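A short write-up of the structure that comes next.
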There are 2 protein chains.
Amino acid sequence: MISTDLIKGSLKTIVLKVLKENGRMYGYEITRKVEELTQGKIRLTYGALYPVLHKLESEGVLVTESENFNNRIRIYYSLTEKGHSVVTEKIREMKEFIDSLQSIVNPQPGLSHA
Amino acid sequence: MISTDLIKGSLKTIVLKVLKENGRMYGYEITRKVEELTQGKIRLTYGALYPVLHKLESEGVLVTESENFNNRIRIYYSLTEKGHSVVTEKIREMKEFIDSLQSIVNPQPGLSHA
DNA sequence: TGCAATATATAAGTTACTTAAATATATGAA
DNA sequence: TTCATATATTTAAGTAACTTATATATTGCA
């Protein structure tokens, strides 16, 4: 498991990216998907996930649809048009972040023409 | 520039890794080095850096030596023995983190034998 | 009947930061 | 000479993104 400190700032981007790839998802499903993609290394807590989803909804980044499945409520989230452009920007930034971390943990001394 | 939220949890690891690579460094020099390595994308603020350095020192991860340079005080930090093993672990974790982020932003659908 | 998995919600607490302000010297430009 | 910029460190006060804990409810398996 990766320490939560490291993951902290990335939660929103992770959620949005997974939603972009998979279309309509409910909260529980999102945590599952993230665990699957990261081989269990990233586990979103519900105390973090749901408030983030609510906030993104109130910002107009996500919309919800409630459905009934097996007598359980499921709240499906999907990106709005605004959401799509937000994700695009967030992912661009995250790639830049990953590159930056790479250049710190794997510095390339011979790379002078960068 | 990368949003500070994203960088937040990585500060300690970044500082320690840069110190590991460069041996003895003073605070200001560390921020310079990180900017250089990341082409200006990651800028450590002093309000974050110095408290972290002090904390790492109090934890026995770093030791300091004060020197006078051009009538200015410079406080050099270097890793203790404990520090070296802390960095090793932190870097291992950060690589895992980077891999996890990669598998989210660049999912590889055909990679079933992972 | 009792536990694990499924599914969402939220209040209270923590902490790692940001922002801002303080201090001091050297250097180059106007 | 005076102003801005770069160098160099310190710390107080505030924020917000989380964690932890708790609550609720159904399904299915042993």
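Predicted, not measured: the structure shown is a model, and the values here were computed from it. Lettering of chains follows the sequences in order, A, B, ..., and the numbering in each one begins at 1.
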Could B:E59 and B:K55 be called an ion pair, given the rule that one side-chain N must be under 4.0 Å from one carboxylate O? yes
Test B:I98 against every option in A:D99, A:L101, A:I2 by the side-chain contact (heavy atoms from CB on, under 4.5 Å) rule and name the one that passes.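 Option passing the side-chain contact (heavy atoms from CB on, under 4.5 Å) with B:I98: A:L101.
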[X] [atom1] to [N] [atom2]: how many Å, rounded?
{"X": "B:L6", "N": "C:dA16", "atom1": "CG", "atom2": "P", "result": "18 Å"}
{"X": "A:H54", "N": "C:dA11", "atom1": "NE2", "atom2": "P", "result": "11 Å"}
{"X": "B:N68", "N": "D:dT9", "atom1": "CG", "atom2": "P", "result": "12 Å"}
{"X": "B:I2", "N": "C:dT18", "atom1": "CD1", "atom2": "P", "result": "13 Å"}
{"X": "A:R74", "N": "C:dT8", "atom1": "CZ", "atom2": "P", "result": "8 Å"}
{"X": "B:I73", "N": "C:dA26", "atom1": "CD1", "atom2": "P", "result": "13 Å"}
{"X": "B:L53", "N": "D:dA8", "atom1": "CG", "atom2": "P", "result": "15 Å"}

OP1 or OP2 of C:dA16 less than 4.0 angstrom from a side-chain nitrogen or oxygen of B:K55, does that happen here? yes
Using only side-chain N and O atoms of A:Y50, determine if any of them is under 4.0 Å from OP1 or OP2 of C:dT8. yes
Minimum side-chain heavy-atom gap B:T88-B:R92 below 4.5 Å: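 Not in contact.
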Quick check: do B:F97 and B:E93 have side-chain heavy atoms less than 4.5 Å from each other?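 B:F97 does not reach B:E93 side chain to side chain.
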Can you give me every donor-acceptor pair (side chain of residues 11-23 of chain B, partner residue at least two apart or in another chain, under 3.5 Å) with its distance?
unit_1, atom_1, unit_2, atom_2, d
B:K17, NZ, B:E21, OE2, 2.9
B:N22, ND2, B:V18, O, 2.8

Where the side chain of B:F69 is concerned, which of D:dA17, D:dA8, C:dA9 is the nearest nucleotide?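 Of D:dA17, D:dA8, C:dA9, D:dA8 is nearest to the side chain of B:F69.
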Considering only side-chain heavy atoms of B:R72, which listed nucleotide, D:dT11, C:dA26, C:dA9, is closest?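 Nearest to the side chain of B:R72 among the choices is C:dA26.
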I need the B:E96 CD to A:Q39 CD distance, nearest 0.5 Å. 10.0 Å
Once rounded to the nearest 0.5 Å, what's the spacing between atom NE2 of B:H84 and atom OG of B:S78? 8.0 Å
Matching residue for A:Y26 among A:F69, A:Y76, A:Y77, A:Y50 - test: ring pair (Phe, Tyr, Trp, His ring centres under 6.0 Å): A:Y76
Please work out whether the ring planes of B:Y28 and B:Y46 are parallel, tilted or perpendicular, with thresholds of 30° and 60°.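 Parallel.
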For every nucleotide of nucleotides 19-24 of chain D, 5' to 3': is a protein heavy atom under 4.0 Å from its base (B), only from its sugar-phosphate (S), or from neither (-)? BB----
NA contact type, B:I7, heavy-atom cut-off 4.0 Å: base, sugar-phosphate, or nothing?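 Nothing, no heavy atom under 4.0 Å.
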Mind listing the residues from residues 15-35 of chain A sitting with a heavy atom below 4.0 Å of DNA chain C? Number order is fine. A:Y26, A:G27, A:Y28, A:R32
